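Only a predicted model underlies this, so the values are computations on that prediction, with no experimental measurement involved. Every number for a ligand or one of its atoms is a count from 1 in the order of the listing.
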Amino acid sequence: MDREELDSLFPALVSRGYDIVGPTVRDGAIVYDRLKSSQDLPCGWTDEQDGGKYRLIRRKDKALFGYVVGPHSWKKFLYPPIQRLWQAKREANGFRVLAQTPEPTKYAFLGVRSCELHAIEIQDKVFMQGPFVDPGYKARRENSFIIAVNCAQAGGTCFCVSMNTGPKANAGYDLALTEVLDGGKHYFLVEAGTEKGVEVLKEVPHRPASEAERRTADRIVSETARHMGRTMKTEGIKELLYTNLEHPRWDNVAKRCLTCANCTMVCPTCFCTTVEDVTDLTGDHAERWRKWDSCFTADFSYIHGGSVRASAKSRYRQWMTHKLASWIDQFGTSGCVGCGRCITWCPVGIDITEEVKAIRETKPARGDGQAQKGAK
Ligand code: SF4
Ligand code: SF4
């Protein structure tokens, strides 16, 4: 389909009751927000990313998806940063608790990258496949429609190839697009991944792709795979981290880490929350709210009189060891999809790939790197 035909996706989705959310430019970054038409997409923009650095710059062409991922992820919509869980109202004989019914929003996510599809899959496991199912997440997820975009360029902090999560979307989408800008031509190859996708595609003008067009799309994605900004050697990573809980590198990273929690806020798989109870002045009405929290705050590990992780060293170690090691024991996969956001949005440019490399390549100073799993 061509650039104009892509516009027909919008009415096809709106007529099915979807709220379309996708990338758009705001405040000097590409963020995810509601879109009215393809005019809202970041046409002709790209992003430059490195440790602690993010900058939008103009491209020479009119690409709609010529950038990588920004500070937002889809968890903002599937698992909102703040949510009321229940309310309680005082009545003559006590309190009545009113459950929160999940709102019936139907989201169509446009422009989901392969690493993000993997992040959604990880959050599906956390919120829908364990003993405790989150009803709000489940309702939003089951109602969602996903239009993936295969990455046509790699960002400076991307390492999806190392994590085996990209750059081509292989599953988890209803439709997948590859944007092609080739010799003055601008078109999209589209693949349907579900029956829902096939139904929507019927309402969008398109034609079968030629063999040459398919080859061009494949070449674009393979080129992207060859130009990752970062790499991470993942072989034996769980054992590496479990046996290096006292590695001197944790002191080194602690000197730089501000415990600002940015890395956890931008990470598409992090899911820690806290709850806050509020009452009105009369005491007749109370509410419990859930808010995103972070393992980088002192309060997060506060138990009966003190914080278990009082130092920056223990918090960074806990975060990275959970992401790359204990997550595997807990959920069967790594908690990192290699999107690079935690590197780009860390104000001091701490780089998870460099930290792993440093631990892998340097021996512990005291020879006590066999510290027990679970040490604080
Ligand atoms: S690693 Fe960076 S982003 Fe994460 S808490 Fe430390 S300073 Fe903040
Ligand atoms: S740990 Fe960093 S690179 Fe990995 S998924 Fe989270 S934000 Fe992305």
Side-chain angles (χ1 to χ4, degrees), residues 32 47 49-54 68-76 79 112-123 125-126 151 154-167 228-234 237-238 241 249-272 292-301 309-328 330-331 333-359:
Y32 296 150
D47 47 9
Q49 302 196 33
D50 204 344
K53 178 185 165 189
Y54 179 95
V68 287
V69 293
H72 286 181
S73 69
W74 308 98
K75 79 174 179 184
K76 175 174 177 245
Y79 194 65
V112 183
R113 306 307 176 113
S114 179
C115 63
E116 301 185 301
L117 291 172
H118 284 266
I120 292 172
E121 192 186 343
I122 287 171
Q123 291 215 320
K125 205 173 266 187
V126 174
C151 291
T157 56
C158 292
F159 56 103
C160 65
V161 168
S162 301
M163 305 315 286
N164 207 15
T165 57
M228 290 284 115
R230 299 286 201 273
T231 55
M232 185 193 278
K233 194 171 158 202
T234 56
I237 198 163
K238 186 174 92 170
L241 293 177
R249 185 68 184 189
W250 302 119
D251 292 307
N252 177 302
V253 74
K255 285 191 192 129
R256 291 171 282 141
C257 178
L258 310 171
T259 65
C260 67
N262 267 17
C263 47
T264 52
M265 294 295 113
V266 295
C267 178
T269 65
C270 278
F271 58 87
C272 291
W292 285 2
D293 200 353
S294 168
C295 52
F296 278 92
T297 68
D299 273 357
F300 191 74
S301 67
R309 291 187 286 270
S311 64
K313 172 183 171 180
S314 59
R315 289 181 222 159
Y316 189 87
R317 179 176 54 192
Q318 131 69 27
W319 175 71
M320 197 173 107
T321 309
H322 186 212
K323 278 280 134 183
L324 300 173
S326 51
W327 202 296
I328 300 172
Q330 204 177 356
F331 300 111
T333 64
S334 173
C336 173
V337 296
C339 71
R341 286 182 177 92
C342 58
I343 306 170
T344 300
W345 297 95
C346 173
V348 292
I350 292 172
D351 179 339
I352 191 170
T353 66
E354 266 177 32
E355 299 312 316
V356 170
K357 190 162 180 264
I359 291 174

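C342 SG, 2.3 Å is the protein heavy atom nearest to atom 2 (Fe) of ligand 2. Closest to atom 4 (Fe) of ligand 1, if we only count protein heavy atoms, is C263 SG, 2.4 Å. Looking only at protein heavy atoms, the nearest one to atom 3 (S) of ligand 2 is G340 N, 3.2 Å. The protein heavy atom nearest to atom 7 (S) of ligand 1 is L258 N, 3.2 Å. Protein heavy atom nearest atom 5 (S) of ligand 2, with residue, atom name and distance: V337 N, 3.3 Å. Ranking the protein heavy atoms by distance from atom 8 (Fe) of ligand 2 puts C339 SG, 2.4 Å first. Taking atom 6 (Fe) of ligand 1 as the reference point, the nearest protein heavy-atom neighbour is C257 SG, 2.3 Å.
Side-chain N or O atoms of R230 include one that pairs as donor or acceptor with a backbone N or O of G156 at under 3.5 Å. The backbone N or O of A261 sits nowhere less than 3.5 Å from a side-chain atom of W319 that would complete a donor-acceptor pair. Of the possible donor and acceptor atoms, none in the side chain of D251 sits under 3.5 Å from a partner among the backbone N and O of K313. Looking only at distances, no side-chain donor or acceptor of T269 sits under 3.5 Å from a matching main-chain atom of A119. Not one N or O on the side chain of K233 forms a donor-acceptor pair closer than 3.5 Å with the backbone of V356.
More than 12 non-hydrogen atoms from other residues, nucleotides or ligands lie less than 6.0 angstrom from NZ of K76.
For the ligand labelled ligand 2, residue W319 lies inside the 4.0 Å heavy-atom shell.
In the vicinity of C260, heavy-atom distances shorter than 4.0 Å reach the ligand 1 atoms 3 (S), 5 (S), 7 (S), 8 (Fe). Atoms of ligand 1 lying under 4.0 Å from any heavy atom of Y316, numbered from 1 in the order shown and given with element: 1 (S). Shown in contact with F159 at under 4.0 Å from a heavy atom are these atoms of ligand 2, numbered in order with element: 3 (S). Each of the atoms 5 (S) of ligand 1 lies under 4.0 Å from some heavy atom of F296. Near K323, meaning under 4.0 Å from one of its heavy atoms, ligand 2 places the atoms 1 (S).
The CE atom of M228 sits 12.5 Å away from atom OG1 of T353, with the distance rounded to the nearest 0.5 Å. Interatomic distance, CG of D351 versus SG of C342, reported as 7.5 Å (0.5 Å rounding).
In A312, neither the side chain nor the backbone holds a heavy atom less than 4.0 Å from any atom of ligand 1. By the criterion of a heavy-atom distance under 4.0 Å, the backbone of T259, and not its side chain, is placed next to ligand 1. Neither the backbone nor the side chain of W327 has a heavy atom within less than 4.0 Å of ligand 2.
Atom 8 (Fe) of ligand 2 has no N, O or S atom of C267 under 2.8 Å away, backbone or side chain.
Using bins of under 30°, 30° to 60° and over 60° for the plane-to-plane angle, the ring pair W327/F271 lands in the perpendicular bin.
A donor atom on one side chain and an acceptor atom on the other are found under 3.5 Å apart for S311 and S314.
Heavy atoms only, all atoms of each residue included: W345 and N262 are closest at O-ND2, 2.9 Å.
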